[in-house]
Amino acid sequence: MHTLNLGILAHVDAGKTSLTERLLHTAGIIDELGRVDDGNTRTDSLALERRRGITIKSAVVSFDIDDVTVNLIDTPGHPDFIAEVERVLSVLDGAVLVISAVEGVQAQTRVLMRTLQRLRIPTLVFVNKTDRAGARYEQVLRGITEKLTPNAVAMGPAVTGLGTREAHCPSYAADDPGLTGRLTDLLTEHDDALLAAYVEGDTIPPSRLHEELAAQTGRALVHPVYFGSAVTGTGIAALNSGIKELLPGARGDADGSVSGTVFKVERSPAGEKLAYVRMFSGTVRTRDRLPFGRAPGAAGEGRVTGISVFADGSDVPRPAVGPGRIAKLRGLGGIRIGDAVGVAREGAREHHFAPPTLESVVVPAAPASRGELHLALAQLAEQDPLIDLRQDDIRKEVSVSLYGEVQKEVIGATLAEEFGIDVTFRETTTICLERPSGTGAAFEIIDKEDNPFLATVGLRVDPAPAGGGVDYRLEVELGSMPYSLMRAVEETVFETLGQGLNGWQVTDCTVTMTHSGYWPRQSHAHGTFDKSMSSTAGDFRSLTPLVLMTALQRAGTTVYEPMHRFRLELPTDALGPFLPVLAHLTAVPGPPSLDGANCVLEGEIPAARVHELQQRLPSLTRGEGVLESAFASHRAVVGGAPTRSRTDHNPLDRKEYLLHAALRGPGPSAA
């Protein structure tokens with residue numbers, strides 16, 4: 001037996017969860033097929049998922065195909081929950097991309113396929129709903145080769161009875177010329193030995209072609225395409241064969257160093273944290289002490305108190321879990337999504353999709369429940385770190401980052417159903433960022449001028465290439481101050497850059513410490529330590545924001561807004577009326593590509609205007625327009641820069657800041 005960790009991905013409503021139900025039924029795991037519309041599917045376990053008929057959280061279920069144990073992960077299809085898909089990609093051995101035979105290739109399908117190809121995840125394509133009215137074969141296959149990948153190969157001839165309940169999806173025989181001819185053309189592009197044999201006129205046996213198809217599918221060079229219906233079961237046997245024979249199984253050394261990745265965190269009914277871990281090597285046993293974290297400085301450790309491994313349609317207790325398997329681990333209280341357990345893998349897959357570009361303030365219906373709301377949102381952030389809580393202690397408000405309006409509705413419903421907290425949301429706004437426009441420096445010396453803190457701090461801010469994040473460096477000797485004081489400055493630099501001159505996070509810069517100084521621990525003659533005579537970490541944490549924001553003011557910042565790359569398909573006669581609308585939305589279109597009665601228009605549009613474009617598209621194109629959009633980059637804001645309210649005591653206003661610092665009193669000693 002070997003294990004295959006398989007992801008099921010699709011645009012929303014392509015039939016992904018229904019396909020999961022059919023695969024489980026075929027494997028004998030369930031006796032009756034659940035229906036999304038009836039809310040009784042195996043993997044949509046949340047009440048909210050059953051009620052709305054959409055997948056919100058990824059779910060794992062296991063079944064066998066002969067000698068292969070498949071851990072199948074059903075993922076959300078709605079773009080608002082793309083972060084959930086992102087986490088799953090890091091643990092997959094292969095994927096099935098589901099496409100509707102009625103709608104064909106859709107916007108989210110293209111986003112998913114581009115990501116699968118970039119990460120070189122072996123992928124089969126399953127065209128579902130061949131039993132539905134309006135189902136197509138040739139058009140969908142052509143759409144796959146034109147919009148997804150030219151290296152697609154249909155594993156069966158045209159569907160008979162297409163669009164009816166009697167639809168039948170036959171498979172090619174191994175020696176069928178319709179298959180061997182296409183395979184020969186496709187596979188020789190990536191294999192010189194096969195190409196040489198073909199050029200020399202040698203007959204390439206079907207077994208050699210099938211062997212090479214498996215090899216190239218495993219290297220994500222070729223994508224076999226299967227047609228079928230999850231509802232009627234036609235084509236499922238062929239898909240099962242493809243999963244078993246063409247996708248590579250998991251590998252790993254059971255005796256090697258423990259290495260795994262956490263891709264999901266949930267809590268048991270008793271509140272215990274459960275970590276879903278994909279094991280890549282080594283063996284974890286109950287009562288093992290297990291290190292985890294994302295970086296050596298942020299590492300934690302816990303004792304494993306329980307292990308459940310997915311098998312035969314459920315998770316069953318086991319004393320140990322080895323490589324290739326997916327398990328739920330108990331006892332690791334501080335663990336988070338994205339953490340490595342044991343030894344972190346080199347080149348681990350991260351940040352496959354763009355971060356959320358929207359945010360909204362969450363307002364409790366009962367002001368007295370603010371504390372409960374924050375705790376509830378913190379638990380939701382454990383399960384989805386990208387909602388990124390932003391606490392405003394001054395206004396007693398909390399905001400969350402979002403991908404879209406549906407996600408906002410789901411968060412509100414979850415808070416009401418699981419935590420008993422009714423909330424509303426303020427208007428959704430766009431998340432911008434700031435980058436330094438130039439170089440700026442500042443310093444303050446201990447016991448000089450109006451510096452009230454027992455600390456010397458000097459900082460210089462320099463711009464860095466886009467996408468580089470924040471780099472912190474020293475131009476002072478590391479031993480010039482105790483490490484605790486050095487660490488206090490560095491940590492405070494990163495915290496302070498969360499709000500720039502306009503209130504947005506500052507990124508793509510290098511911050512260098514240029515001055516340092518402190519007063520050593522001192523005491524009165526009777527030996528009592530006196531904070532008024534000795535520098536503490538609190539002095540440095542209080543002074544650093546003043547110095548850094550002064551340096552940032554001298555450097556200046558530019559606000560950048562998120563931009564989406566869009567692709568519009570619309571009737572040619574609608575192009576003229578549509579261009580002024582794009583101009584109004586401050587979109588930047590490229591030259592149109594005309595093809596008779598239809599045209600394609602690509603360009604960039606501010607993320608904040610995508611929703612309005614979607615709303616106006618049907619009326620301007622008689623319902624024939626198709627829009628695809630995805631995050632592309634950040635663009636400097638033209639005109640007045642948008643601002644965001646600060647959540648701190650504003651180090652840009654020295655008088656106000658020092659007043660609050662005096663009220664707070666000196667920070668805790670860490671020297």
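None of these values were measured; they are calculated from a predicted model. For reference, positions follow the sequence shown, starting with 1.
Counting heavy atoms from C-beta on, the side chains of Q505 and Q499 never come closer than 4.5 Å. For the pair L247 and L124, the minimum side-chain heavy-atom distance is below 4.5 Å. The side-chain heavy atoms of L377 and V362, taken from C-beta on, include a pair separated by under 4.5 Å. Looking at heavy atoms from C-beta onward, Q379 lies in side-chain contact with F419 at the 4.5 angstrom threshold. Counting only heavy atoms from C-beta outward, the side chains of L119 and S90 never approach each other to under 4.5 Å. Counting only heavy atoms from C-beta outward, the side chains of I335 and K273 approach each other to under 4.5 Å. Inter-residue side-chain proximity for L290 and R303 is flagged as unmet; no heavy-atom pair is nearer than 4.5 Å. In this structure, the side chains of V461 and V506 stay at 4.5 Å or more apart for every pair of heavy atoms.
E372 is linked by a salt bridge (charged side-chain N to carboxylate O under 4.0 Å, His left out) to nothing, counting only residues two or more places apart in sequence or in another chain. For H634, the ring pair (Phe, Tyr, Trp, His ring centres under 6.0 Å) test picks out F631, with sequence neighbours left out. With sequence neighbours left out, R278 forms a salt bridge (charged side-chain N to carboxylate O under 4.0 Å, His left out) with D93. The side-chain hydrogen bond (donor to acceptor under 3.5 Å, both in side chains) check on S480 picks up S516, with sequence neighbours excluded. Listed by chain and residue number, nothing satisfies the side-chain hydrogen bond (donor to acceptor under 3.5 Å, both in side chains) test with S360 (two or more places apart in sequence, or in another chain). Remark: R646 engages D648 in a salt bridge (charged side-chain N to carboxylate O under 4.0 Å, His left out) (not counting sequence neighbours). Judged as a ring pair (Phe, Tyr, Trp, His ring centres under 6.0 Å), and not counting sequence neighbours, the contacts of F310 are Y276. Partners of R287 according to the salt bridge (charged side-chain N to carboxylate O under 4.0 Å, His left out) rule, which considers only residues two or more places apart in sequence or in another chain, do not exist here. Judged as a side-chain hydrogen bond (donor to acceptor under 3.5 Å, both in side chains), and not counting sequence neighbours, the contacts of S62 are N71. T544 is linked by a side-chain contact (heavy atoms from CB on, under 4.5 Å) to V457, L459, V489, T492, V493, counting only residues two or more places apart in sequence or in another chain.
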- Derivation of the side chain to side chain contact (heavy atoms under 4.5 Å, CB included) call for V258 and M279: CA-CA 8 Å; V258 170; M279 294 294 298; 4.1 Å; yes

- Query: Given the rule in the side chain to side chain contact (heavy atoms under 4.5 Å, CB included) test, do T26 and N240 qualify, once you have shown the distances and angles that lead to the verdict?
  - Reply: CA-CA 9 Å; T26 302; N240 267 334; 3.6 Å; yes

- Query: Would L72 and F63 satisfy side chain to side chain contact (heavy atoms under 4.5 Å, CB included), going step by step from the backbone distance to the final call?
  - Reply: CA-CA 8 Å; L72 188 150; F63 62 93; 3.6 Å; yes

- From CA spacing to verdict: salt bridge (Lys or Arg N to Asp or Glu O under 4.0 Å), R541, E491: CA-CA 8 Å; R541 293 187 187 280; E491 290 176 349; 2.9 Å; yes

- Going through the checks in order, is the side chain to side chain contact (heavy atoms under 4.5 Å, CB included) test met by V304 and V284? CA-CA 8 Å; V304 178; V284 173; 4.0 Å; yes

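Taking every heavy atom of both residues into account, V96 and F126 meet most closely at CG1-CB, 3.9 Å. Scanning all heavy atoms of the two residues, the minimum distance from T496 to P545 falls at OG1-CG, 3.7 Å. Residues I307 and R285 share a closest heavy-atom pair of CD1-C, 3.7 Å. Taking both residues in full, the closest heavy atoms of R336 and V265 are given as C-CG2, 4.1 Å, listed atom of the first, atom of the second, then distance. For L454 against S534, the heavy-atom pair with the smallest separation is CD1-O, 3.5 Å. Taking each heavy atom of G322 and T283 in turn, the nearest pair found is CA-OG1, 4.1 Å.
Side-chain atoms of S535 come within 3.5 Å of backbone atoms of W519 as a donor-acceptor pair (strictly under, hydrogens ignored). A donor-acceptor pair is defined here as one N or O able to donate and one able to accept, closer than 3.5 Å; no such pair exists between the side chain of S484 and the backbone of P482. In this structure a side-chain-to-backbone donor-acceptor pair under 3.5 Å is missing from T69 to T3. No donor-acceptor distance shorter than 3.5 angstrom exists from the side chain of S369 to the backbone of P364, with no hydrogens or angles considered. With hydrogens and angles disregarded, no donor-acceptor distance shorter than 3.5 Å links the side chain of T512 to the backbone of T514. A donor-acceptor pair is defined here as one N or O able to donate and one able to accept, closer than 3.5 Å; such a pair exists between the side chain of N5 and the backbone of G324. In this structure, the side chain of T261 does not engage the main chain of A340 through any donor-acceptor pair within 3.5 Å.
Residue E417 holds its CD atom at 10.5 Å from CG of D422, rounded to the nearest 0.5 Å. Distance check: L380 CG to L389 CG gives 8.5 Å after rounding to the nearest 0.5 Å. Separation of atoms CZ (F540) and CZ (F453) is listed at 11.5 Å; rounding is to 0.5 Å. Note that CD1 of I8 is 9.5 Å distant from CG of L92, once rounded to the nearest 0.5 Å. Rounding to the nearest 0.5 angstrom, the gap separating the CD1 atom in I326 from the CG atom in D315 is 12.0 Å. Taking CG of L375 as the start and CZ of R370 as the end, the distance is 14.5 Å to the nearest 0.5 Å.
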If you look only at distance, which donor and acceptor atoms sit under 3.5 Å apart when one is on a side chain in residues 464-479 and the other is two or more places apart or in another chain?
unit_1	atom_1	unit_2	atom_2	d
D471	OD2	R473	NE	2.7
D471	OD2	R473	NH2	3.1
E475	OE1	R460	NH1	3.4
E475	OE2	R460	NH1	3.3
E475	OE2	R460	NH2	2.8

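Taking the charged nitrogens against the carboxylate oxygens, R267 and E272 have no contact shorter than 4.0 Å, which rules out a salt bridge.
A donor-acceptor contact closer than 3.5 angstrom is absent between the side chains of T647 and Q391.
A salt bridge (Lys or Arg N to Asp or Glu O under 4.0 Å) check over residues 244-263, counting only residues at least two apart or in different chains, returns the pairs D66-K244.
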